[in-house]
Asks: 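What follows is a structure written as structure tokens; I'll ask about it next.
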Amino acid sequence: MQMKKAIQNHCTELNSIQEFNPQAVMGKFTRVEMCRACHSSTLHHFLSFGLMPKPNGFLTKQNLNKPERYFPLNVDFCSTCGMVQLEEVISPNELFDHYVYSSSASYPMVEHLRNLAKELVTRFSLSQKDLVLDVGSNDGTLLSVFKQLGITILGIDPAKNIAEIANAQKIPTINDFFSQVSAKKILTSHGTCKVITIVNVLAQIPDWDSLFAGVKTLLHKEGTCLIEFPYLVDTLKTFEFDTMYHEHQSMVSVHPLSIALRRHCLEIFDVKHDPIHGGSIRVFISHIGVRKICKRVDVYLDEENTIGISNPDIYSAYATKVYEIRDEMIQLLNSLIHQKKKIIGYGATAKGNVLLNFCRLNHIQISAIVDSTTFKQGLYTPGSHIPVVSESQLDKLNPDYAILTAWNFADAILKKNKQRIKKGLKFIRPYPIPTVL
Ligand code: DWN
């Protein structure tokens, strides 16, 4: 009965979406009934974005009038361990077969990954005899730094188009999903890894047991697995809700992650915070008993306990605030549109697509999205069908306002546009409340 009711609700909602996007059709998805961190069934729904297109499902002009798949975007928390995860999962092949995000398109990201590689080489005294594997290696931006430092490297990424770019730049990259199976193949062909990096990828991986079994198989006995991800506690504090999308099946924190790792005889020996992507953490992992556990690990566990990441009240308050932010964003933009202001988006981001679709904003209200990623330019945003153009078009567009759809790089973007701001361009930052800067 519950499933029948859910399907009826989806169909009703699809009809309303089709008023906004006549090409909308229902896509295939699977419902998740188990917490992927602690395996309990104590999952509780707390936030619904409604039906959403794929977050990186940018369209060519030819595909604008073809059926566009939408999927329910609902978020649960686990009252046993504090894990936050999506209720519905889209097939990873549907999400990552052809991928348009590239790490090298954002120079702050390039700098961030350069510093990460240098920190790991120094801290763990890596040398040419050591193998570093990057899981979800994208275009090889992180691995290229290890290579420059003389370390032996290997990437693995499921996106065929992106893996081809990395291999063309002599970054050896396997085009596959990382799993227990692919890990065994890498062990046979390359041996164990002194460092395994999983940077902004953990959230994208639905099967944590296959992932961590693969890490256990491949990690050198004194090796380190470094996982970096946007931190749930920051997301709860800043209300940056648009990082919740179908690529991010999980919004992760230390406690639930440590439970999943222990199932595979792995443990966290250090944790560090980093401001990137609105607040992320770096978790350092080893085989159990190999490393001394830093006191910082308990600091994070205590804070998660104090905040109450398993507490229902936290999540109902969060959801209330999310709907308030959406309503304030719609109100602000409606008043600007009423004043006949020209509005663009700055950054053709997955998160920006969530915000635009959640606020039902499209090419009628938003003239264009500027973005530095060459293979996003010329495409159209999913659902909202806004043209993506190069930043060089900014003067021609001459907008009055720019929504920071790449708010995580606000400093770099504002700095780059200092002169335009002097001439009157105003930026809108969506979080923690929509604000004209
Ligand atoms: O996990 C993920 C996060 C970390 O990165 C992936 N699922 C995909 C991606 O999410 P996103 O699409 O929200 O990414 P970013 O990193 O926020 O994308 C920034 C975008 O902004 C890029 O497309 C490049 C663009 N950009 C720009 O046009 N001018 C960035 C800067 C700094 C600029 O000056």
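First listed ligand is number 1; within each ligand, the first listed atom is number 1.
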Asks: Report yes if some N/O of Glu391 lies less than 3.5 Å from some N/O of ligand 1; otherwise report no.
Replies: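 Looking only at distances, the answer is yes, because the N/O contact criterion of under 3.5 Å is met.
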Asks: Quick one: do the Tyr401 and Gln339 side chains pair a donor with an acceptor below 3.5 Å?
Replies: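 No, Gln339 and Tyr401 have no side-chain donor paired with an acceptor closer than 3.5 Å.
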Asks: Quick one: does Asn56 get an N or O within less than 3.5 Å of an N or O on ligand 1?
Replies: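 No - when backbone and side-chain N and O of Asn56 are compared with those of ligand 1, no distance drops under 3.5 Å.
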Asks: Consider ligand 1: state whether an atom of it lies below 4.0 angstrom from any non-hydrogen atom of Lys376.
Replies: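 Heavy atoms of Lys376 do come under 4.0 Å of ligand 1.
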Asks: So between Glu247, His248, Lys415, whose heavy atom ends up nearest atom 1 (O) of ligand 1?
Replies: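 It is His248 that holds the nearest heavy atom.
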Asks: Assess, by modelled atom type and distance only, whether the side chains of Arg282 and His273 contain a donor and an acceptor separated by less than 3.5 Å.
Replies: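 No, no side-chain donor-acceptor contact under 3.5 Å.
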Asks: Salt bridge between Asp270 and Arg296, side-chain N to carboxylate O under 4.0 Å?
Replies: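 Salt bridge flag = yes for Arg296 with Asp270.
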Asks: With a 4.0 Å cut-off on N to O distance, would you call Asp97 and Lys160 a salt bridge?
Replies: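 No, Asp97 and Lys160 are not salt-bridged.
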Asks: List the closest protein heavy-atom neighbour of atom 22 (C) of ligand 1: residue, atom name, distance to the nearest 0.1 Å.
Replies: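 Of the protein heavy atoms, Asp371 OD2, 3.5 Å lies nearest.
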Asks: Can you classify the ring geometry of Tyr323 versus Phe358 as parallel (below 30°), tilted (30 to 60°) or perpendicular (above 60°)?
Replies: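 Geometry flag for Phe358 against Tyr323: tilted rings.
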Asks: Could you tell me which atoms of ligand 1, counted from 1 in the order shown, lie closer than 4.0 angstrom to a heavy atom of Gln204?
Replies: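 Those atoms are 1 (O), 2 (C), 6 (C), 7 (N).
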Asks: Aromatic rings Phe96 and Phe177: how do their planes relate, parallel, tilted or perpendicular, breaks at 30° and 60°?
Replies: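 Correct class here is perpendicular.
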Asks: Side chain, backbone, both or neither: which part of Ile413 comes within less than 4.0 Å of ligand 1 when only heavy atoms are counted?
Replies: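 Answer for Ile413: side chain.
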Asks: Below 30° counts as parallel, above 60° as perpendicular, anything between as tilted: where do the rings of Tyr346 and Phe427 land?
Replies: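 Because their plane-to-plane angle lies in the 30° to 60° range, the rings of Tyr346 and Phe427 count as tilted.
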Asks: Among Leu202, Asn138, Thr349, which residue places a heavy atom closest to atom 19 (C) of ligand 1?
Replies: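 Going through Leu202, Asn138, Thr349 one by one, Thr349 has the nearest heavy atom to atom 19 (C) of ligand 1.
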Asks: Record the part of Pro108 in heavy-atom contact with ligand 1 below 4.0 Å; permitted values are side chain, backbone, both and neither.
Replies: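 Under 4.0 Å from ligand 1, Pro108 contributes side-chain atoms alone.
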Asks: Indicate yes or no for a side-chain donor-acceptor contact from Gln365 to the backbone of Asn362 under 3.5 Å, with no hydrogens or angles considered.
Replies: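 Pair found, side chain donor or acceptor close to backbone of Asn362.
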Asks: With heavy atoms of Asn408 as the reference, note each atom of ligand 1 found under 4.0 Å away.
Replies: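 By the 4.0 Å cutoff, the relevant atoms are 15 (P), 16 (O), 17 (O).
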Asks: Closer than 4.0 Å to some heavy atom of Gly347 - which atoms of ligand 1 meet that?
Replies: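 Selected atoms, number and element: 21 (O).
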Asks: Classify the contact between Thr373 and ligand 1 as side chain, backbone, both or neither, using a heavy-atom distance cut-off of under 4.0 Å.
Replies: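 The answer is the side chain of Thr373.
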Asks: Which residue and non-hydrogen atom of the protein lie closest to atom 14 (O) of ligand 1, and at what distance in Å?
Replies: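 For atom 14 (O) of ligand 1, the nearest protein heavy atom comes out as Tyr101 CE1, 3.6 Å.
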Asks: With a 3.5 Å cut-off and no angle check, do the side chains of Asn115 and Lys118 form a donor-acceptor pair?
Replies: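 No - no donor-acceptor pair under 3.5 Å links their side chains.
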Asks: Where does the angle between the aromatic ring planes of His363 and His385 fall among parallel (under 30°), tilted (30 to 60°) and perpendicular (over 60°)?
Replies: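 Geometry flag for His385 against His363: parallel rings.
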Asks: If you have a sec, work out which protein heavy atom is nearest atom 24 (C) of ligand 1 and how many Å separate them, to one decimal?
Replies: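 Of every protein heavy atom, Ser106 OG, 3.3 Å lies nearest to atom 24 (C) of ligand 1.
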Asks: Name the closest protein heavy atom to atom 17 (O) of ligand 1, giving the residue it belongs to and the distance to 0.1 Å.
Replies: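 Checked against all protein heavy atoms, atom 17 (O) of ligand 1 sits closest to Lys351 NZ, 2.5 Å.
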Asks: Is it the case that ligand 1 has an N or O less than 3.5 angstrom from some N or O of Ala350?
Replies: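 Yes.
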Asks: Out of all atoms in ligand 1, which are within 4.0 Å of some heavy atom of Ala406? Include the element for each.
Replies: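 Taking each heavy atom of Ala406 in turn, ligand 1 has 21 (O) under 4.0 Å.
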Asks: To check your reading of the model: name the closest protein heavy atom to atom 3 (C) of ligand 1, its residue, and the distance in Å.
Replies: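 Looking only at protein heavy atoms, the one closest to atom 3 (C) of ligand 1 is Tyr245 OH, 3.9 Å.
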Asks: Give the residue and atom name of whichever protein heavy atom lies nearest to atom 4 (C) of ligand 1, and the separation in Å to one decimal.
Replies: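 Looking only at protein heavy atoms, the one closest to atom 4 (C) of ligand 1 is His277 NE2, 3.3 Å.
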Asks: Is Lys416 touching ligand 1 with its side chain, its backbone, both, or neither, if touching means heavy atoms under 4.0 Å apart?
Replies: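 The answer is the side chain of Lys416.
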Asks: Are a donor atom and an acceptor atom from the side chains of Asn56 and Tyr245 found within less than 3.5 Å of each other?
Replies: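 Absent: no donor and acceptor within the cut-off.
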Asks: Taking the side chain as C-beta and beyond, is there a heavy-atom pair between Pro53 and Arg69 under 4.5 Å?
Replies: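 They are not in contact (no side-chain heavy atoms under 4.5 Å apart), so the answer is no.
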Asks: So, His112 versus Glu228: side-chain donor-acceptor pair below 3.5 Å or not?
Replies: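 Side-chain D/A pair, His112 to Glu228: present.
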Asks: Which protein non-hydrogen atom lies closest to atom 26 (N) of ligand 1, naming both residue and atom, and how far is it?
Replies: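 Of every protein heavy atom, Ser372 OG, 3.4 Å lies nearest to atom 26 (N) of ligand 1.
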Asks: Under 4.0 angstrom from ligand 1, any heavy atom of Tyr99?
Replies: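 Yes, that is the case, since the closest heavy atom of the residue is under 4.0 Å from the ligand.
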